[in-house]
*Asks:* 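Attaching a single structure in structure tokens format; questions to follow.
All figures in this text were calculated on a predicted structure; none of them were measured in a lab. Labels below follow one simple rule: chain letters A, B, ... track the order of the sequence lines, proteins then strands, and each chain is numbered from 1.
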Protein chains: 2
Amino acid sequence: MTRQRGAVIDALREAGRPLSPAEILAAAQRQVPSLGLATVYRNLRALLDDAQVHAVELPGQADRYELAEEPGAVTHRHYFQCLTCDRVFPLDGCPGHLEEITPPGFVVEHHELTLLGRCPDCAGGSGKLRKAAARDH
Amino acid sequence: MTRQRGAVIDALREAGRPLSPAEILAAAQRQVPSLGLATVYRNLRALLDDAQVHAVELPGQADRYELAEEPGAVTHRHYFQCLTCDRVFPLDGCPGHLEEITPPGFVVEHHELTLLGRCPDCAGGSGKLRKAAARDH
DNA sequence: ATTCGTGCAAACCGTTTGCAGTGCT
DNA sequence: AGCACTGCAAACGGTTTGCACGAAT
């Protein structure tokens, strides 16, 4: 455990939502200004291998990363991405009913679902959306 | 309509499933050997603007492209991606029930669902999977 | 002293763009 | 001639890797 790795983990913990490597870099540099992007990637990879972090893959987007839940928690999650501020939020639950759309002969092992729309900040039409987008540029 | 564009469209039509730009290039070069990747991308973009083709965005993967259905068909589709041969297959239907997992205050505008597993060729344990994977390298 | 992690720069992959050349009208 | 489209190569953004330096044992 190095200072750099601690800074990456702190950045993820404080955000409470999935972050891109660049967002992690920006946040973690407040603790370790000399931190480089390559180190962020290397630590993310190590943390992924350790199952301390997991990757959130979004269609047509670069991966985001978040801290893994405590052991024993759900392994499977879906996400909501705001089309205005680009932030990603975890969801609870899973729609299921996948057999209905699976053609015969196909074996489903897992699935990815992403909801797209407006988060509460950006749906309201208030000025909050600009603040949120700016905060995460 | 140029020879190059015709070759791109033919490649998509003959495949009958979403193709990556590199797959399109390889297939279309059988008609137009001098074809370049940039031209594939430019034609894809033009065809997208024309709604003759649409992009299939997969989590953690480069986009694939397929011919748009005849006008009047469903605008919204989901896909199955084979974890063995990497090919992508269109599905019919949609699980719905998204309200159940949408937290209050969020406005869902659309969603993306990808099923991952084994396609019939690769689930069977026969030698077919190797043939399919090789065909699409 | 050895080892492991870091920081920087270069490499890499998929995609986009600038530019000169080609083929149509 | 003019114009749109092509092919190539360079640029680009995100990610990975090579390599020499620095920190910790």
Side-chain angles (χ1 to χ4, degrees), chain A residues 1-12 15 18-50 52-66 79 81 86-88 114 133 136-137, chain B residues 1-12 15 18-50 52-66 79 81 86-88 112 114 136-137:
Chain A
M1 168 64 78
T2 62
R3 286 186 314 130
Q4 289 77 347
R5 177 165 307 189
V8 166
I9 291 173
D10 287 350
L12 291 171
L19 297 183
S20 67
E23 287 175 317
I24 295 168
L25 177 66
Q29 278 182 334
R30 296 189 299 123
Q31 272 186 52
V32 184
S34 70
L35 184 64
L37 190 50
T39 299
V40 172
Y41 277 104
R42 278 188 285 235
N43 276 301
L44 283 174
R45 169 164 302 218
L47 291 165
L48 284 168
D49 291 347
D50 253 19
Q52 294 182 246
V53 153
H54 79 266
V56 179
E57 304 191 328
L58 302 164
Q61 296 261 315
D63 290 2
R64 316 272 176 126
Y65 300 86
E66 67 178 355
Y79 298 88
Q81 179 166 33
D86 201 47
R87 290 183 299 173
V88 172
T114 307
D136 307 307
H137 54 62
Chain B
M1 169 63 80
T2 62
R3 285 187 316 131
Q4 289 78 347
R5 177 164 307 189
V8 167
I9 292 173
D10 288 350
L12 291 171
L19 297 182
S20 67
E23 286 175 318
I24 295 168
L25 177 67
Q29 277 182 335
R30 295 188 301 121
Q31 271 185 53
V32 183
S34 71
L35 184 65
L37 191 49
T39 299
V40 171
Y41 277 103
R42 278 189 285 237
N43 276 300
L44 283 175
R45 167 165 304 220
L47 291 166
L48 284 169
D49 292 347
D50 252 19
Q52 295 181 245
V53 153
H54 79 268
V56 179
E57 303 191 329
L58 301 164
Q61 296 260 315
D63 290 1
R64 316 272 177 126
Y65 300 87
E66 68 178 355
Y79 298 88
Q81 179 167 34
D86 202 46
R87 290 183 299 173
V88 172
E112 302 272 357
T114 307
D136 307 307
H137 57 63

*Asks:* If a protein heavy atom is under 4.0 Å from the base, mark B; if only from the sugar-phosphate, S; if neither, -; do that for nucleotides 7-14 of chain D going 5' to 3'.
*Replies:* BBB----S
*Asks:* Atom CG of B:Leu44 to atom P of D:dC5: distance rounded to whole Å?
*Replies:*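 Those two atoms, CG and P, are 15 Å apart.
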*Asks:* Quick one: A:Met1 CE to D:dA23 C1', roughly how many Å, whole number?
*Replies:* 16 Å
*Asks:* Looking only at side chains, do A:Gln4 and A:Asn43 share a donor and an acceptor under 3.5 Å apart?
*Replies:*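 Per modelled atom types, A:Gln4 and A:Asn43 side chains form no pair under 3.5 Å.
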*Asks:* Can you see if the side chain of A:Thr2 gets near the phosphate of D:dA24 - specifically, an N or O under 4.0 Å from OP1 or OP2?
*Replies:*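 So the side chain of A:Thr2 is outside the cut-off, no N or O lying under 4.0 Å from OP1 or OP2 of D:dA24.
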*Asks:* Check the distance between C:dG14's P and B:Leu19's CG and give it to me in whole angstrom.
*Replies:* 15 Å
*Asks:* Provide, to the nearest angstrom, the distance between the CD atom belonging to B:Gln31 and the P atom belonging to D:dT6.
*Replies:* 14 Å
*Asks:* With a cut-off of less than 4.0 Å, is there a side-chain N or O of A:Arg5 near OP1 or OP2 of C:dG5?
*Replies:*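 So the side-chain polar atoms of A:Arg5 never come under 4.0 Å of the phosphate oxygens OP1 or OP2 of C:dG5.
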*Asks:* Round to a whole Å and report the spacing from CG of B:Leu58 to P of C:dG14.
*Replies:* 15 Å
*Asks:* Just to verify, which of A:Asp49, A:Leu19, A:Thr39, A:Ile24 counts as forming a side-chain contact (heavy atoms from CB on, under 4.5 Å) with A:Leu44?
*Replies:*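 In the set A:Asp49, A:Leu19, A:Thr39, A:Ile24, the residue that makes a side-chain contact (heavy atoms from CB on, under 4.5 Å) with A:Leu44 is A:Ile24.
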*Asks:* Between A:Gln29 (side chain) and A:Leu35 (backbone), is there a donor-acceptor pair under 3.5 Å?
*Replies:*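 Present.
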*Asks:* Grab the CD-C1' distance between A:Gln29 and C:dT6 for me, whole Å please.
*Replies:* 14 Å
*Asks:* Just to verify, which of B:Glu66, B:Glu57, B:Arg64 counts as forming a side-chain hydrogen bond (donor to acceptor under 3.5 Å, both in side chains) with B:Tyr79?
*Replies:* B:Glu66
*Asks:* Do you know the tightest heavy-atom contact between B:Asp63 and B:Pro21?
*Replies:*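 Scanning both residues, the minimum pair turns out to be O-CD, 3.6 Å.
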*Asks:* Where is the tightest heavy-atom contact between A:Ala11 and A:Ala27, given as atom of each residue plus distance?
*Replies:* CB-CB, 3.7 Å
*Asks:* Measure the distance from CG on A:Leu37 to P on C:dC8 and round it to the nearest whole Å.
*Replies:* 11 Å
